[in-house]
Amino acid sequence: DAKTTQPNSMESNEEEPVHLPCNHSTISGTDYIHWYRQLPSQGPEYVIHGLTSNVNNRMASLAIAEDRKSSTLILHRATLRDAAVYYCILRDRNNFNKFYFGSGTKLNVKP
Amino acid sequence: EADIYQTPRYLVIGTGKKITLECSQTMGHDKMYWYQQDPGMELHLIHYSYGVNSTEKGDLSSESTVSRIRTEHFPLTLESARPSHTSQYLCASSVGGDSPLHFGNGTRLTVT
């Protein structure tokens, strides 16, 4: 299974942008890049996903490298409620069950 | 947004008891999943279902069993709980393909 590598933790100041990196050097052509986040005592929450092009939604932006071996989740203005564990996962569009969560990046937001 | 419900939220039970963790979703999603997550650790897929009467084991071996008699319901059963089963169990559903997963808030199980 394709896997991802993320830093264990990152810290940000409130109201500032946050760039969360993810490496996925073994990505295949059929893998979508998904990001989820998990707040304390809750289940993971979908954030954004993409295949090749950069993507934007109301929660975040996803920047995908041209060779697709890495991606970056961008939170444009971090708030205290964005403190969570962020997971970058690869999802094979031909096998819906084939994806791997990994240990994620714990984001701490300072006031 | 998808609504997916898990009960109970917390469960403390003695060794040897039979337990069933409930998971229901109201969005008509065909695909449903069970994940196991220890505190501060990654999620591991233990069961999934393509639809009614379809269940498969996931990547992590588990002594639990599941059933899918109705689209909206995907319960997980442990016939004889042991302390090693202590963990958080998360249920999820999706339309399929590259569609997002929608998670419940989990059941935190403690077996004494």
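Naming: A, B, ... by sequence-line order, numbering from 1 per chain.
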Residues 104-112 of chain B: residues contacting chain A (heavy atom under 4.5 Å, by number)
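The list, in residue order, reads B/Gly104, B/Asn105.
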
Between A/Tyr36 and B/Phe103, how do the two ring planes meet: parallel, tilted or perpendicular, split at 30° and 60°?
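Plane angle over 60°, so perpendicular.
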
Please work out which of the three classes, parallel, tilted or perpendicular, describes the rings of B/Tyr89 and B/Trp34, given edges at 30° and 60°.
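It falls in the perpendicular class, over 60°.
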
Is B/Leu90 in contact with chain A via its backbone, its side chain, both, or neither, using a 4.5 Å heavy-atom distance?
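For B/Leu90, the contact with chain A is made by the side chain alone.
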
Considering only heavy atoms, which portion of B/Glu56 lies under 4.5 Å from any heavy atom of chain A: side chain, backbone, both, or neither?
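Neither part.
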
Working to the nearest 0.5 Å, report the span between CD of B/Glu72 and OG of B/Ser93.
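Going from CD on B/Glu72 over to OG on B/Ser93, the span is 11.5 Å.
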
State, to 0.1 Å, how close [X] and [Y] come at their nearest heavy-atom pair, and which atoms those are.
X       : Y       : answer
B/Thr20 : B/Pro75 : CG2-CB, 3.9 Å
A/Leu73 : A/Ala60 : CD1-CB, 3.6 Å
A/His24 : A/Thr4  : CB-CG2, 4.1 Å

Show me the donor-acceptor pairs within less than 3.5 Å that the side chains of residues 79-90 of chain A make with the rest of the protein, sequence neighbours left out.
{"from": "A/Thr79", "atom 1": "OG1", "to": "A/Arg81", "atom 2": "N", "distance (Å)": "3.3"}
{"from": "A/Thr79", "atom 1": "OG1", "to": "A/Asp82", "atom 2": "OD2", "distance (Å)": "3.3"}
{"from": "A/Asp82", "atom 1": "OD1", "to": "A/Arg37", "atom 2": "NH1", "distance (Å)": "2.8"}
{"from": "A/Asp82", "atom 1": "OD2", "to": "A/Thr79", "atom 2": "N", "distance (Å)": "2.9"}
{"from": "A/Tyr86", "atom 1": "OH", "to": "A/Arg37", "atom 2": "NH1", "distance (Å)": "3.2"}
{"from": "A/Tyr86", "atom 1": "OH", "to": "A/Asp82", "atom 2": "O", "distance (Å)": "2.7"}
{"from": "A/Tyr87", "atom 1": "OH", "to": "A/Gln38", "atom 2": "OE1", "distance (Å)": "3.1"}
{"from": "A/Tyr87", "atom 1": "OH", "to": "B/Gln37", "atom 2": "NE2", "distance (Å)": "3.2"}

